[in-house]
Amino acid sequence: MRTKAVLVSLLVMLTVGCSGGQDTEFMLGQKLMLDMRYYCADGTPAESCKTPVTTLLPEFAEIIRQGRIGGVILFAENLDNSQQIIELNYAIQQLAKEEGLPPLFIAIDQEGGRVARLPDEVATRYVGNMAIGATYPLYNTTFAERVNKGIAKSIGQLGFNVNFAPTVDVNVNADNPVINVRSYGEDPQMVAELGAAAVAALQSENILSALKHFPGHGDTHTDSHTGLPRVDHDLATVEAVDLLPFRYAIEQGQAPAMIMTAHIQYPLLDDTRFKALDGEETLVPATLSHKILTGILRNKMGYQGIIVTDALDMAGIAHYVDHKNAVIKPFNAGADIALMPYAVRNPQSISRFWELYKQWVQAMSSGEIDRQQTQLSVKRILQAKQQFELDEFTRKPLAQRIQSAVDTLPGEDNQRTEMALASAALTQVYNRGVLPLRGSRFYVVMPDEARCMAMTTALLKLQPGLQLTCDALTAIDPDKALPDLTDSDAVIVGDITPQHSLAEMGGMADLSVWRNRPDKNTQEAWVRRLLVSAGEQSVNAVFIALRAPYIISDYRHLAGAAVATFGYNVTVTGAEEEGTVRAHGAVFTALAEGLLGRSPMPGKSPVTIDE
């Protein structure tokens with residue numbers, strides 16, 4: 001009740017109007033969302049600091065306290081197990097309560113599929129959005145609802161109250177390096193319906209949903225983490241494709257509590273130019289654009305919720321604007337919350353943060369940042385914190401929170417949903433009499449050792465007598481002779497394109513394996529040679545697209561069948577040195593059943609695969 005009273009009094013203060021330095025600092029703090037990914041008390045340079053923060057360190061507690069900080073975002077590095085996660089989130093909210101501050105937004109990127117921060121033993125990962133898109137023709141929005149309700153219940157138990165999801169970018173570019181399977185597909189209306197269903201499911205469990213990435217990141221060749229993408233769609237396409245899912249969601253009874261901006265140029269929406277850090281004239285990205293955030297999203301589309309920037313330390317902003325203006329410019333453009341405005345990594349960066357904080361306060365005090373707009377912005381933030389009952393997490397004792405999570409997570413219902421989604425999404429793209437696979441001797445190729453183990457384990461569970469050999473693409477030697485397929489009844493090749501990261505390899509490969517692996521072009525050339533060899537020896541071959549399915553078009557003339565799963569997640573348990581390592585995943589269980597004809601492959605690719 002005390003926290004509710006604090007929120008009410010602060011809302012009254014903002015409605016009446018406030019002045020003074022302390023009020024300005026409070027408003028600024030509520031508009032900042034910081035990360036706590038790493039911290040090195042010994043002064044290790046910020047770019048080299050890799051010591052994860054897993055408890056509320058005194059340094060960060062002081063920043064939250066003195067800065068009146070309104071939110072934090074946590075990453076995989078911060079999250080070990082249920083008890084540790086709850087203790088960290090509880091400590092953050094307890095600090096705010098003791099200091100008479102509003103409860104904090106505690107955010108996470110738990111989209112499902114390839115973007116999931118929580119360990120698999122804590123929360124079910126699910127297969128991902130494009131898999132959900134593949135189920136749409138038969139199941140409509142069922143899986144968008146079931147998956148996001150499961151995600152919301154899990155992260156809510158752990159103390160999170162904001163999920164930066166779902167992604168409603170319409171993936172109309174086969175070469176999109178950052179979105180691809182994070183998108184539901186290429187049909188704007190389908191993406192809109194699935195996105196709105198996900199929002200409603202998340203928010204029905206009191207998790208604020210942040211729709212992303214406005215005004216659309218689906219047709220880019222550049223990852224905004226590393227550069228500044230540009231979309232040159234004409235206005236008709238922008239309206240009919242990029243903006244449609246956002247407009248549709250806003251018009252629903254359960255509108256998204258947040259919308260995240262994209263660090264992306266849309267010259268047809270805003271052709272304003274500004275001088276970047278290097279002195280070059282550059283088109284303004286959406287995150288800094290008043291025309292896009294206020295003119296289009298706020299005024300034209302009528303969005304009344306919270307506008308949050310994408311991370312301001314991403315290259316799409318950081319290479320073009322200094323830290324001071326990376327906060328001032330988005331606020332003046334219409335953003336309510338600056339996400340990750342400055343990375344605190346060591347004592348030196350704490351000092352720098354307070355220097356920037358004073359500059360931002362001064363910008364508010366002097367009118368460089370509009371005070372009336374700031375008051376409206378903070379009012380939106382406080383109203384959302386009240387509406388979504390952010391103080392609820394600390395109403396129950398910490399021990400009770402921990403016990404409940406330990407007893408129930410990741411949850412049998414969630415794991416059943418994950419398996420059902422993997423099966424429903426499994427898509428037979430084409431089949432020239434190869435499937436179901438026949439025979440007892442299969443040669444398998446998978447992207448890495450973890451997926452070799454997951455695939456062979458799933459096949460042997462269904463048909464114990466199979467003779468299987470599996471080679472990992474990370475370990476092939478392109479200079480050696482191809483494997484002898486004389487005794488093989490079938491060849492199964494699994495591919496992840498774009499290539500996955502070391503972290504996604506499940507811990508069964510060290511950094512040396514990752515660095516020494518053949519590059520993607522070499523791997524693809526080797527796979528083509530293998531499939532040609534299979535054809536020459538009349539050995540049936542099936543190609544599996546484990547991530548974006550567009551790659552199937554490159555092998556259509558070489559493989560007799562092709563299947564798309566839209567996901568490639570595996571969970572690795574045990575220790576290699578003890579001989580107890582195991583790898584499994586719902587995708588590979590469903591795939592084995594489909595390849596052997598034990599279950600149908602009812603999915604339909606939600607993106608076009610060229611013939």
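Computed from a predicted structure; not experimentally measured.
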- Sequence neighbours excluded, which residues qualify as side chain to side chain donor-acceptor pair (under 3.5 Å) partners of S605?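 Counting only residues at least two positions away or on another chain, S605 forms no side chain to side chain donor-acceptor pair (under 3.5 Å).
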Separation of [Y] [atom2] from [X] [atom1] (nearest 0.5 Å):
| X | Y | atom1 | atom2 | answer |
| --- | --- | --- | --- | --- |
| I151 | N414 | CD1 | CG | 8.5 Å |
| D242 | T237 | CG | OG1 | 8.0 Å |
| W526 | L482 | CH2 | CG | 6.5 Å |
| L409 | Q157 | CG | CD | 4.5 Å |

- Query: How close do A583 and V572 get, heavy atom to heavy atom, and via which atoms?
  - Reply: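 In this case the closest contact between A583 and V572 is CB-CG2, 4.1 Å.
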- Can you name the closest pair of heavy atoms from A255 and Q203 and give their distance?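 The answer is O-NE2, 3.0 Å.
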- State which residue, out of H213, R182, K212, fulfils the side-chain hydrogen bond (donor to acceptor under 3.5 Å, both in side chains) condition with D169.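 The option that passes is H213.
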Counting only N and O atoms by type, is there a donor-acceptor contact under 3.5 Å from the side chain of [X] to the main-chain atoms of [Y]?
| X | Y | answer |
| --- | --- | --- |
| R547 | P498 | yes |
| S183 | G185 | yes |
| N140 | T142 | no |
| E418 | V127 | no |

- Presence of salt bridge, E77 and K50, under 4.0 angstrom: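 Here K50 does not pair with E77 in a salt bridge, since their nearest N and O are not under 4.0 Å apart.
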- Look at D495 together with R451 and state whether they make a salt bridge at an N to O cut-off of under 4.0 Å.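 Answer for the salt bridge query: no.
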- Query: With sequence neighbours left out, what residues match Y550 under ring-ring contact (aromatic ring centres under 6.0 Å, His included)?
  - Reply: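 For Y550, no residue satisfies ring-ring contact (aromatic ring centres under 6.0 Å, His included) once neighbours in sequence are set aside.
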- Parallel, tilted or perpendicular: ring planes of Y555 versus F543, cut at 30 and 60 degrees: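 It falls in the parallel class, under 30°.
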- Item | Positive for side chain to side chain contact (heavy atoms under 4.5 Å, CB included) with I108, one of L74, N78, I155, N89 |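 Of the listed options, the one satisfying the test is I155.
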- Message: Can you confirm whether L459 sits close enough to M455 that some side-chain heavy atom of one is under 4.5 Å from a side-chain heavy atom of the other?
- Response: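 The answer is yes, as the side chains (C-beta and beyond) meet within the 4.5 Å cut-off.
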